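Chain letters run A, B, ... following the sequence lines, proteins first, then strands; residues in each count from 1. For clarity, every value in this text was computed on a predicted model and none was experimentally measured.
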Amino acid sequence: NAGVTQTPKFQVLKTGQSMTLQCAQDMNHEYMSWYRQDPGMGLRLIHYSVGAGITDQGEVPNGYNVSRSTTEDFPLRLLSAAPSQTSVYFCASSYSGRIYEQYFGPGTRLTVT
Amino acid sequence: GDSVTQMEGPVTLSEEAFLTINCTYTATGYPSLFWYVQYPGEGLQLLLKATKADDKGSNKGFEATYRKETTSFHLEKGSVQVSDSAVYFCALSGAAGGTSYGKLTFGQGTILTVHP
């Protein structure tokens, strides 16, 4: 099993550009989520999904969109990048009954200039 | 809302020293508590958990006890190794029926560096 994979690993964007961060898992997990990690602030939940076709907002959803058309994939879209979105982004997945035991991807380091 | 507060870091220790990383939380009801670890260049991994008061979670020599009376979940290890150098996150998942049930709330993380 590859676990949770994320692409790209690094990305530099200019203000106003859009892009999609990819996330995929091969563990048949129902629950998937996106976090951003900023220095001194821990991880903050952006969006999450409890299954294909179902998504919901987390703590910091503004400026981001998600969709979940399959169990395996959960892409995160930045609609119009801003410097405040410079961060490290982590995708995670778990079984619905064990949401605390989330498996994290290696992260995407995004810089917006 | 729910929140988690960790001791400020970074923490620097010599190999075989005793480790304590403090964690306190604010939540309604009886949340579940966790410690996650992030090794350099990697995503987070679940280290240990406790789901009810007075439970002790343990893994890889690390321990933490769920103290409802002090709303704490301090991480301890009796003898750290260089390989324990990482960032440690305390987290909680809200009690069933609450708005934060099924979601993880993280502390800010504590950087641990262990020197030989």
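Using a 4.5 Å cut-off between heavy atoms, A:Q6 does not touch chain B at all. The parts of A:L43 that come within reach of chain B are both its backbone and its side chain, each placing non-hydrogen atoms under 4.5 angstrom from that chain. Neither the backbone nor the side chain of B:Q6 comes within less than 4.5 Å of any heavy atom in chain A.
A donor-acceptor pair under 3.5 Å is absent between the side-chain atoms of A:Y103 and the main chain of B:L44, judged by distance alone.
Placement of A:V50 and A:V4 in two distinct hydrophobic clusters is found when ILVMFWY residues are connected by side-chain heavy-atom separations under 4.5 Å, directly or transitively. No continuous path of ILVMFWY side-chain contacts below 4.5 Å connects A:L45 to A:V60, so the two sit in separate hydrophobic clusters. With hydrophobic clusters built from ILVMFWY side chains whose heavy atoms lie under 4.5 angstrom apart, B:W35 shares a cluster with B:M7. Linking ILVMFWY residues whenever their side-chain heavy atoms come closer than 4.5 Å, directly or via other members, places B:L92 and B:Y66 in the same cluster. Linking ILVMFWY side-chain heavy atoms closer than 4.5 Å, directly or via other members, places B:V4 and B:L112 in a single hydrophobic cluster.
Atom CD of A:E101 and atom NZ of B:K49 lie 6.0 Å apart (nearest 0.5 Å). The CD atom of B:E42 sits 10.0 Å away from atom CZ of A:F90, with the distance rounded to the nearest 0.5 Å. Taking CG of B:L104 as the reference point, atom OH of A:Y48 lies at 12.0 Å (rounded to 0.5 Å). Between atom CD of residue B:Q108 and atom CG of residue A:D38 there is a gap of 13.0 Å, rounded to the nearest 0.5 Å.
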Test side-chain contact (heavy atoms from CB on, under 4.5 Å) applied to A:F104 and B:Q38, step by step: CA-CA 10 Å; A:F104 282 77; B:Q38 183 180 28; over 6 Å; no

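By the 6.0 Å contact criterion, CD on B:E16 is open, its count of non-hydrogen atoms from other residues, nucleotides or ligands being 12 or less. Residue A:R77 places its CZ atom among more than 12 non-hydrogen atoms of other residues, nucleotides or ligands, all under 6.0 Å distant. The environment of B:K68 atom NZ is dense: over 12 non-hydrogen atoms of other residues, nucleotides or ligands sit within 6.0 angstrom.
When all heavy atoms of B:F89 and A:Q37 are compared, the pair lying nearest together is CZ-NE2, 3.1 Å.
Contact annotation: the side chain of B:F106 never approaches that of A:R44 to less than 4.5 Å [non-hydrogen atoms, C-beta and beyond].
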